[in-house]
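Structure first, commentary second.
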Amino acid sequence: MLRVALSQLTTHFRRFVAIGLAVMLSVMFLSATLMVGASTNASLGASIGEAYRNADVVATSKNGEPFTQAAVDAAASSPSVQDSFAERSTYVTFEAGGGEQYGRLRNMAPASLEGAVLSSGSMPAGPLEAVIDAKTAEHLGLTVGSSVELRGAGPVKTAKVTISGLTKATNDPFSSSAAQLVGSEPVLNAVQDAGAGYSGLQFALKPGEDVTAAKDYIARRMEAAGAVEPVLETAQEKVTSTVALLSAGQDQLTVVLLAFAGVAILVSTLVVANTFSVLVAQRTRELALLRCLGAGRAQIRGSVMLEALVVGFISSVLGVLAATGLMTGLIAWAKSQPEQAFATLAVPPSAIVSGLVAGTLLTIVAALVPAKAATSVAPLAALRPTDDASVGTRRGKVRLVLGLVALLGGAALLVYGSITVSLLVALLGGAASFVGILLCSTLFIPSVVALAGRLAAPAGVPGRLAAVNATRNPARTSATAAALLIGVTLVSLMMTGAATSRHAFNDTLAENYPVDLSAQTAVDGGGDPAEALSRIKALDGVSAAVLLQPVGTLNDEATPDGGRTIYGLSAADAASVVRDNHLKPSSGTVYLPEDSPEGPARITTAAGTVSLDAKVLRTRHVPAFVESSSISAGVLPETPGMVWVKLDDSVSGDRVQAIQKEIAAALGVHERTVSGAAIERVTFNSIIDVLLLVVTGLLGVAVVIALIGVANTLSLSVLERTRENSLLRALGLTRGQLRGMLAIEAVLVAGVAAIMGAGLGIVYGWLGAQATLGGVATVVPAVPWLQLAAVFGVAVVAGLLASVVPARRAARLSPVEGLATA
């Protein structure tokens, strides 16, 4: 039987091309998904974790208190530490580019731990030298050798430094809005108060040191030296915890990536099992004939398993290589985009090993069931056609019961998981319900295709025959539709989930950063604010701009908010400039920044004191404000107003900086006073775009898997019907009519599968997004109708193209030769 198996692989290798492609693409999907996780973490490490990407261990304070010199010395002297960096940082201002600028200055790290990357010049070597990021330098006209005077918090805290070099612009969204400077210790000493402490520590461990043990030991030494609750993490753990802070303390990124891996494994199993089952089912008569000639059941199963092992392993190797190539191309394209230069490729060993093992095992497992079915009946019985599973047969009833149990139970779990925001439960429920749909597919897909076949009635005899074929062999019709149903459901799920998640992400960003840019108007000599507002509205990249008038101040001096200016704006102005659609100011309420006190607020106005209800927002990026009609006492004298600006969604980070400068010029104020989260929004959206870019690549793979599945099953079904098609030809069906019949049948099956898959994908995508992000944001279904319409069109065209080759082969075969086929 070994020779039989090898003969099948060499003589009938074309028979295995289809299954090989399906396995290869499924493994490609799985490996690429695992590479997405590693590449995403690497990309986040190069953006959010850029400052500590070279460290083995990072120490921060849980309560935000800076570390003392004693704690730093205790940690640095740990036996496991090879090199350490205690970071000092402060914010400074300096004159450049025609105005006062704002930047963050930190001390220089040892070479092994320095996160800044030089683009020109050299790192600080002298006592009064500093480097600045290249983007800021270009914006302000600074070069290597330029001199700037840095000013700290106090009036005498100044240092005149020489720019010794330029560093690459930071990708960290928390730092990208300010100039980034790195200076020598004397520079920090000149602009920062003595004893300010250290904001964080980074450690490079000695080779071979156990990271977990080192973290515990260093933490104990720091606590013994007086540090309060130091938190020690690896660089990757620090990135993960930072991402978790952005998502209400939940590491949603890891959960989403695990969901992708789970979906990939499920889809791979279904596609490979379906395709290989059809392939082995075609050989049922051949295997039964071998048994009649003396081959035992074990020999037959062994022969099929060997074929599956060879095909699965070779296809898995090709799939892993293809996944690596796909990810390399996607990351290379992303890195070529200025806003996504931080994209980083990572190919973990798990992606290679999992792809090889999963592809080989899935192929073997997929071959077990049909091989067992071929050897579980008597040889002569296997040579006869088997009854299809229908409601009237025992097999059909068993499939119906199992399918309904899986469908109803899985649907209940899916809904429960989405309500309780439990992605694992929702994933299990979605998988179970979809398996239930596939188990029941033989019982309802043929009927739906036959119903759709009425649309083909105007095509005459070929159209009517195509509709009849759908119900005459339900198993064959269901097998053809199942491959595309799986693929379209997955693609629709991903598209709907991505659109819904992006909508939820945007809502969360809008809630935290409701205003793109804001600036106070000049008190004296700044010109007419209304005229300045008109100039700002005319700027390229500005979508809307409004003027807020100062109408009062909080008069509770006992609280941190005491004396805060209250600004007024109309509901219409708020709707035009505020990104948070839920933030609609109403009369009688004052809106306060995050961490403000709850309860009624007493406000001093030009006419006296009023009391208003207070609503505390989930953001610190807006001042306190009210709806204009809430306070009608007039504008406060000698108090500057404020301008809020909304930018176009497509504006780049470089353009944001230019707009800040232009707004400052229009208002007659320093550029550093033009603040806002526009650059943070652009940077965060760039990170999300990289993730969605990779997901889009996976969608392409899923589409190809679906198309291969359709071509596989349709080609095999046509081969099984050689005698049948030849008989139709003998009865008068022309070659053109035969090709038309097969084409209409393929289009009907593909169309029904595409519509059903799109509907299922919309439901699964929405509930999956709810289960993933429901605890962080309000999840509203976002259905990408144009994309789904394109998927439907591709599915129908794919079904039509899949019928071309087998239909051409069937039409070229003479009726006599076809009727003589065994």
Side-chain angles (χ1 to χ4, degrees), residues 46 49-55 58-59 66-67 69 72-73 75-76 81-97 100-154 156-172 174-204 235 657 672:
E50 180 183 54
Y52 42 82
R53 60 170 177 248
N54 297 324
V58 180
F67 294 126
Q69 186 66 52
V72 170
D73 293 340
V81 174
Q82 179 171 290
D83 209 351
S84 64
F85 169 49
E87 181 179 334
R88 296 172 59 190
S89 63
T90 186
Y91 285 96
V92 296
T93 59
F94 56 95
E95 292 290 336
E100 190 176 37
Q101 309 301 327
Y102 182 69
R104 179 179 180 270
L105 171 69
R106 69 165 174 84
N107 57 330
M108 186 172 59
S112 61
L113 293 172
E114 180 57 62
V117 179
L118 273 175
S119 59
S120 63
S122 61
M123 295 299 289
L128 291 176
E129 290 185 346
V131 295
I132 191 169
D133 66 280
K135 180 184 289 186
T136 300
E138 181 181 3
H139 176 61
L140 301 178
L142 299 176
T143 60
V144 175
S146 299
S147 295
V148 293
E149 186 176 42
L150 305 180
R151 294 187 294 274
V156 296
K157 298 292 185 180
T158 63
K160 189 172 183 179
V161 301
T162 300
I163 302 299
S164 64
L166 306 181
T167 59
K168 292 184 178 179
T170 179
N171 294 307
D172 185 352
F174 298 107
S175 304
S176 56
S177 59
Q180 298 299 303
L181 299 109
V182 179
S184 58
E185 289 292 337
V187 176
L188 267 295
N189 293 335
V191 300
Q192 192 177 41
D193 292 332
Y198 300 89
S199 56
L201 304 178
Q202 298 180 29
F203 306 99
Q657 287 189 323
R672 69 180 179 86

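Using a 4.5 Å heavy-atom cutoff, the side chains of Val148 and Lys160 are not in contact. Side chains of Val161 and Leu150 form a contact here, defined as non-hydrogen atoms less than 4.5 Å apart. Proximity of Tyr198 to Pro66: side-chain heavy atoms (C-beta onward) are nowhere separated by under 4.5 Å. Side-chain contact between Leu105 and Leu188 is present, with at least one heavy-atom pair separated by less than 4.5 Å. The shortest distance between side-chain heavy atoms of Phe85 and Leu201 does not fall below 4.5 Å. Between Ile163 and Thr143, every side-chain heavy-atom pair lies at or beyond the 4.5 Å cut-off.
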Quick one: side chains of residues 115-130, donor-acceptor pairs under 3.5 Å with protein atoms, not counting sequence neighbours, listed by atom name and distance.
residue, atom, partner, partner atom, Å
Ser119, OG, Leu166, O, 3.0
Glu129, OE1, Ala125, N, 2.8
Glu129, OE1, Gly126, N, 3.0

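In this structure, the side chain of Asp133 engages the main chain of Gln180 through a donor-acceptor pair within 3.5 Å.
Remark: Glu95 pairs with Arg151 by the salt bridge (charged side-chain N to carboxylate O under 4.0 Å, His left out) rule, at least two apart or across chains. Among residues two or more places apart in sequence or in another chain, the side chain to side chain contact (heavy atoms under 4.5 Å, CB included) test is passed with Ser199 by Glu87, Ser89. Residues satisfying the salt bridge (charged side-chain N to carboxylate O under 4.0 Å, His left out) test with Glu185, not counting sequence neighbours, are Arg88. Remark: Thr162 pairs with Ser147 by the side chain to side chain contact (heavy atoms under 4.5 Å, CB included) rule, at least two apart or across chains. Under the side chain to side chain contact (heavy atoms under 4.5 Å, CB included) criterion, Ala204 pairs with Asp56, Asp83, Leu113, not counting sequence neighbours.
Among all heavy-atom pairs drawn from Val144 and Gly165, the shortest one is CG2-CA, 4.0 Å. The nearest pair of heavy atoms linking Ser84 to Phe203 is CB-CD2, 3.8 Å. Gln101 and Ala96 get closest at one heavy-atom pair: NE2-O, 2.8 Å. Contact record, Ala86 with Val72: CB-CG1, 3.7 Å, taken as the closest heavy-atom pair.
Glu149 has no carboxylate O lying under 4.0 Å from a charged side-chain N of Lys157, or vice versa, which leaves the two without a salt bridge.
For the atom pair CD of Gln202 and CD of Glu114, the computed distance is 8.5 Å after rounding to the nearest 0.5 Å. The line from CZ of Phe94 to CG of Leu142 is 6.5 Å long, rounded to the nearest 0.5 Å.
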